[in-house]
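Each residue takes its place number in the sequence, starting with 1. Note that the structure is predicted; figures quoted are calculated from it, not measured. Note that these values count all heavy atoms, side chains included, but never hydrogens, waters or copies made by symmetry.
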Amino acid sequence: MKPPRPRCGSAGLPAPDPGCSSRGEDRFPARVSEVGRVPFAVNQPVGLTRRLSAWSTFTNRTGLKRRLTTAVESGTSGVCRSVLVEVLVPSEPSSDPYPTCYDWGESNEGAVSVLEGEAVWLSCPLFSHPSVYNYSSTQSAGHNLFWYQIPEGQDLEQPIRQSSRLSKQRERLWLLPARAEDSGQYICLLRNKSSCSKIAMGLKVLRRDQVTPAGSCEPPVATLPTPALIPLQEGKTLDCPDLKDATSMSDSPPTVSWSHKCKGPPFWNSDREPWGSSLRFYTMVDHYQGLYYCTVHFQRGGRQLNFTRAVNVTAINPTRMSKTPVILHPHADQVFQVKSNSRAALACRATVPFVVDDPSWDVWWTVDGQTLEKLSDQRFSQSNRVLKDDHMDLTVENLLLIQDFRSDDLRRRFNCSVKNARGSESRRALLSEEASLPSVELGCGLGVTLVLMLLLFVVYHVFWLELLLLYRSWFGTDERFTDEKDFDVYISYARNGEEEQFVLNTLRGVLENEFGYSVCIFDRDSLPGGTITDETLSFVSRSRRLLVVVSPGYASRGSQALLELKAGLQGMALGGHLRVILVQYKPVQRQDLVRELRKAQVALALVRWQGEKSKELSSRFWKRLRVELPMRRGTRKGEGASGTEGALLRMTSQNSTNSQTGLISSA
């Protein structure tokens with residue numbers, strides 16, 4: 001469908017000149033071409049040039065590549081003539097009476113977000129700094145404010161005309177309500193005959209399914225929450241953000257509904273309650289923190305409009321508490337130990353209370369009265385970190401790092417400082433050079449020590465018996481001087497030919513003749529006429545060690561060997577003055593041993609006889625046995641009165657044995 005032809009003298013077009021020239025097309029050959037169908041004024045070259053210049057300058061400053069058209073009336077007798085034209089930039093900009101627009105680019109405040117169906121307004125960012133632009137001042141200076149839109153996904157800018165849905169109020173453009181097609185870039189242009197400025201801003205209209213609410217039952221909100229700080233145990237009144245703007249556009253007073261954690265008023269207690277359109281806190285406590293939602297309902301031009309905002313309530317420490325910062329570390333007399341030619345770290349910790357009026361704070365180091373930024377020495381650096389946040393009262397640590405610490409740095413003044421809006425504190429850090437240990441010598445000494453310990457471990461593992469015997473010979477105590485016993489060893493063995501030969505010839509001979517021990521053997525040393533049981537118990541109790549020769553035939557039930565074993569175990573358990581030594585003459589299966597011997601084998605020392613390998617006195621058998629036997633000074637060839645008395649006792653016992661044997665033989 002063809003666009004309607006504009007009427008002569010219609011709004012927005014210059015009035016026709018009665019003296020039209022039929023050669024008007026030839027007067028603007030550099031500015032027109034047959035591209036679009038628009039009315040063209042042939043007799044107003046100056047007005048047309050001015051109008052085209054204004055549009056062309058605006059187009060070039062916004063950086064858009066598009067074709068602009070304009071319409072003017074021409075012709076005689078009120079006849080409008082249509083031609084195809086393309087508006088081009090005039091080749092002589094100096095002849096344009098309208099100034100070039102200064103383009104501020106896009107606003108750094110970011111795009112405005114709104115939910116589809118909610119009311120929203122755009123404030124021209126040119127007036128965000130009243131010292132630069134003030135709306136009242138610009139109006140008195142003859143400035144006009146124009147709004148243009150570049151729809152999302154398009155390059156063509158479109159002038160915004162006021163309607164019942166799009167309303168202009170001072171420096172604001174209201175969308176009542178916002179629709180999906182309103183997304184895009186908006187340009188506000190401020191111009192008069194001597195100056196021109198413009199700036200762009202974005203608008204993003206979101207569907208409700210594009211916004212993720214904070215909770216499953218919370219309302220979706222397109223804008224960021226507004227922070228609100230309330231001191232603990234104190235009160236405050238919250239107003240819904242942007243309520244005043246809605247009041248200025250509403251035909252009647254707006255209404256506000258509040259909710260918190262999916263619940264509306266009345267809240268859980270009397271510490272909070274709606275107060276008109278506001279929400280009043282009487283006593284703030286920790287669990288009142290969180291997101292509060294307010295929905296503003298108002299009426300404009302017969303339409304019911306609304307928007308929702310979120311308020312993030314945070315509890316802070318009471319205002320009656322001290323708000324002066326305090327340095328916790330270093331202490332007044334604390335000294336930092338540092339090493340030369342290494343990295344040094346100086347920590348400064350301080351508490352920084354939160355001040356509502358001015359929350360700024362700082363913790364820093366100075367060197368010789370200068371901050372690190374003013375020092376030319378790149379070895380110094382610092383970093384801040386928050387250690388604790390107690391209702392926005394912070395515990396902060398500033399770490400000063402000194403690379404390649406030098407001795408000259410000890411003479412410098414290192415000061416830690418902290419400040420906020422209520423005060424400041426500074427403290428000097430005292431440094432002392434730590435005595436460095438010689439690392440090479442220390443490493444060599446440690447290495448030698450480890451080698452010696454390893455060598456000693458090997459020597460002990462190989463020669464532990466010899467070392468133990470040597471230790472006993474130097475520091476051991478001869479038990480003959482600590483008790484009143486008559487024998488060093490009582491030998492218990494099986495009464496058969498093989499074990500008897502081993503006991504009488506090998507054990508007895510070495511222990512008595514080589515090591516000087518007094519040995520008691522029942523068959524040799526018992527006197528005739530006595531009771532076997534009584535004498536056995538007497539011999540065992542008068543001996544320091546009970547040496548049990550374990551063999552397959554030992555300790556059969558009811559034998560004398562079993563009696564000797566029981567007496568020895570009982571004496572060891574009760575008095576502790578008798579120790580039992582097991583000598584394994586031949587391997588024996590455990591199940592072949594009696595119960596007493598099985599228990600003794602678990603708890604007592606066991607010395608194994610290994611035949612020919614154990615006959616030499618330097619073998620491990622004899623060394624191991626000497627470790628278990630009483631310590632004897634002068635262990636070779638028993639000497640002195642005790643040796644003589646032992647020989648006499650053995651001679652008496654031998655004579656008694658021979659007499660008994662002779663009697664038995666004659667019988």
Side-chain angles (χ1 to χ4, degrees), residues 12 50-71 87-90 93 96-114 116 118-139 141-206 222-223 245 249:
R50 181 184 303 114
R51 186 164 187 169
L52 296 183
S53 299
W55 280 92
S56 300
T57 301
F58 178 76
T59 304
N60 291 338
R61 295 297 295 174
T62 56
L64 300 178
K65 297 179 180 179
R66 67 183 185 85
R67 292 168 181 172
L68 296 175
T69 60
T70 186
V87 178
L88 303 178
V89 180
D96 186 2
Y98 282 90
T100 301
C101 269
Y102 182 80
D103 189 358
W104 292 85
E106 188 168 356
S107 173
N108 57 8
E109 296 179 359
V112 176
S113 298
V114 64
E116 185 178 11
E118 286 191 347
V120 68
W121 59 94
L122 304 176
S123 295
C124 182
L126 290 175
F127 302 99
S128 59
H129 301 285
S131 60
V132 181
Y133 291 104
N134 181 275
Y135 185 80
S136 300
S137 300
T138 56
Q139 291 300 301
H143 286 83
N144 293 319
L145 184 63
F146 302 94
W147 286 90
Y148 302 92
Q149 180 196 12
I150 304 175
E152 193 172 31
Q154 299 183 23
D155 291 335
L156 299 177
E157 64 184 36
Q158 302 173 2
I160 297 177
R161 302 184 183 276
Q162 185 158 328
S163 65
S164 59
R165 192 179 71 86
L166 302 177
S167 178
K168 300 177 184 178
Q169 182 196 36
R170 292 177 59 88
E171 71 273 14
R172 293 187 178 91
L173 174 66
W174 284 78
L175 289 78
L176 305 170
R179 298 175 181 172
E181 60 267 20
D182 293 331
S183 294
Q185 193 176 54
Y186 287 76
I187 301 170
C188 60
L189 182 143
L190 186 66
R191 182 180 63 192
N192 65 3
K193 292 183 178 181
S194 61
S195 65
C196 180
S197 298
K198 61 180 179 178
I199 193 170
M201 61 186 304
L203 174 65
K204 193 169 186 179
V205 181
L206 304 172
T223 59
D245 296 307
M249 290 297 294

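In this structure, Ser183 contributes its side chain and Val205 its backbone to a donor-acceptor pair below 3.5 Å. Judged by distance alone, with hydrogens and angles left aside, the side-chain atoms of Lys168 form a donor-acceptor pair with the main-chain N or O of Ile160 at under 3.5 Å.
Pairing each heavy atom of Trp147 with each of Leu173, the nearest pair is CE2-CB, 3.8 Å. The heavy-atom pair separating Gln149 from Glu181 by the smallest distance is NE2-O, 3.5 Å. Ser107 approaches Met201 most closely through the heavy-atom pair CB-CB, 4.4 Å. Between Ala222 and Ser113, the shortest heavy-atom distance links the atoms O-CB, 3.7 Å. Minimum interatomic distance between Asn192 and Ala141 (heavy atoms only, all atoms of both residues): ND2-O, 3.1 Å. Residues Thr138 and Phe127 share a closest heavy-atom pair of OG1-CE2, 3.8 Å.
When side chains are defined from C-beta on, Ile199 counts as touching Cys188, because their heavy atoms get closer than 4.5 Å. Within the 4.5 Å cutoff, no side-chain heavy atoms of Arg172 are placed close to those of Cys124. Here the side chains of Leu175 and Leu166 are in contact, with some heavy-atom distance below 4.5 Å. Proximity of Arg170 to Gln139: side-chain heavy atoms (C-beta onward) are nowhere separated by under 4.5 Å. A 4.5 Å side-chain heavy-atom check between Phe146 and Pro159 finds every atom pair outside the cut-off. Proximity of Gln185 to Pro151: side-chain heavy atoms (C-beta onward) are nowhere separated by under 4.5 Å.
Of the inter-residue distances, the one linking Glu171 atom CD with Ser128 atom OG reads 10.5 Å to the nearest 0.5 angstrom. Distance check, rounded to the nearest 0.5 Å: OH of Tyr186 to CD of Gln158 gives 9.5 Å. Put simply, CG on Leu145 and CG on Leu126 are 7.5 Å apart, with the number rounded to the nearest 0.5 Å. For the atom pair NZ of Lys198 and CZ of Arg191, the computed distance is 10.5 Å after rounding to the nearest 0.5 Å. Atom CG of Leu122 and atom CD1 of Ile187 lie 12.5 Å apart (nearest 0.5 Å). For the atom pair Tyr102 OH and Leu190 CG, the distance stands at 14.5 Å (nearest 0.5 Å).
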